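Single-structure report; data block below.
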Amino acid sequence: MEKLVGKIKNSMKINDWNGIQTDWDLLCKQVEKQKTLIVKEGGMGTPSLRFYVRLLATLEDFLAATLKDKEAQKKMTAQNGRALTRMKLALRKHNKSYEKEIAAYRENPEESAQEEEEEDSDEDS
């Protein structure tokens, strides 16, 4: 799942909404498949899902910034524009189920990043 997050971030750097949409769909499918394991391990507080919540918040911000830039939207290819529109609708619908987690992340993003770094070092030990 973390590899897909990396691919999504790379696609965001080059403003490739078609790539973002494709990888995001795959990531959502994997999260749904792993939901039983995630719930068994303790729900949304597990380290395995922090990166996912951070990605959802980042994607939401990136989408809002892209939608504000009308000139860039006009320059997009038709395929990229369709992917942007689809992501706008899908992300809005999907993020409703993660509103609390995203709000908690936005309140204190540094704390979330520090906790993840600590757990990464614990895993390495």
Side-chain angles (χ1 to χ4, degrees):
M1 285 194 275
E2 289 177 355
K3 288 182 182 180
L4 283 172
V5 171
K7 287 175 68 176
I8 290 171
K9 288 181 180 180
N10 287 338
S11 294
M12 287 170 66
K13 289 177 186 174
I14 59 172
N15 208 22
D16 177 19
W17 282 98
N18 191 40
I20 293 170
Q21 178 203 351
T22 303
D23 293 333
W24 187 76
D25 287 341
L26 291 172
L27 181 64
C28 288
K29 286 178 185 176
Q30 284 186 349
V31 168
E32 286 300 316
K33 286 181 182 178
Q34 297 297 324
K35 221 171 205 171
T36 56
L37 177 65
I38 291 168
V39 170
K40 181 180 172 185
E41 293 294 321
M44 289 300 298
T46 60
S48 61
L49 221 43
R50 276 201 193 103
F51 71 92
Y52 185 64
V53 171
R54 186 177 337 123
L55 176 72
L56 292 177
T58 305
L59 265 175
E60 203 172 75
D61 295 341
F62 185 64
L63 180 69
T66 303
L67 290 173
K68 284 182 183 177
D69 190 1
K70 299 294 182 188
E71 278 301 309
Q73 287 183 37
K74 290 178 184 177
K75 294 178 183 177
M76 284 183 182
T77 63
Q79 185 179 19
N80 221 15
R82 283 191 299 269
L84 173 67
T85 303
R86 185 172 181 272
M87 274 300 295
K88 177 178 74 171
L89 299 172
L91 192 63
R92 197 176 290 159
K93 181 180 175 183
H94 181 76
N95 281 4
K96 284 183 182 179
S97 59
Y98 293 96
E99 282 178 342
K100 291 179 185 175
E101 292 82 7
I102 293 171
Y105 169 75
R106 287 180 195 251
E107 277 182 27
N108 202 349
E110 293 96 23
E111 182 179 299
S112 177
Q114 288 174 353
E115 287 175 5
E116 191 165 299
E117 286 175 11
E118 289 172 7
E119 287 167 2
D120 286 345
S121 65
D122 289 344
E123 290 174 5
D124 293 341
S125 302

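Source: prediction; values computed, not measured.
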Q: Please work out which of the three classes, parallel, tilted or perpendicular, describes the rings of W17 and F62, given edges at 30° and 60°.
A: parallel
Has [X] got a side-chain atom pairing as donor or acceptor with [Y]'s backbone, closer than 3.5 angstrom?
X	Y	result
N80	D16	no
Q73	L67	yes
Q21	L84	no

Which value, rounded to the nearest 0.5 Å, describes the distance between [X] atom [atom1] and [Y] atom [atom2]?
X	Y	atom1	atom2	result
L59	K9	CG	NZ	9.5 Å
L91	C28	CG	SG	8.5 Å
W24	M12	CH2	CE	13.0 Å
N18	R86	CG	CZ	10.0 Å

Q | N15 side chain near M76 side chain, heavy-atom distance below 4.5 Å | A | yes
**Q.** E101/Y52 under side chain to side chain contact (heavy atoms under 4.5 Å, CB included): CA gap, chis, key distance, verdict
**A.** CA-CA 10 Å; E101 292 82 7; Y52 185 64; over 6 Å; no
Q: Assess whether side chain to side chain contact (heavy atoms under 4.5 Å, CB included) is satisfied between L63 and R92, documenting all intermediate values.
A: CA-CA 10 Å; L63 180 69; R92 197 176 290 159; over 6 Å; no
(Q) One pair to check against side chain to side chain contact (heavy atoms under 4.5 Å, CB included): K3 and K7. What are the steps and the verdict? (A) CA-CA 6 Å; K3 288 182 182 180; K7 287 175 68 176; 5.6 Å; no
Q. Pick from L55, V31, L26, T22: which one makes a side-chain contact (heavy atoms from CB on, under 4.5 Å) with L4?
A. L26
**Q.** Among N10, D23, T58, L27, side-chain contact (heavy atoms from CB on, under 4.5 Å) partner for V5
**A.** L27
(Q) Could you check whether atom CD of Q30 has more than 12 heavy atoms from other residues, nucleotides or ligands sitting under 6.0 Å from it? (A) yes
Q.
Do the side chains of K75 and D69 get close enough for a salt bridge, i.e. N-O under 4.0 angstrom?
A. no
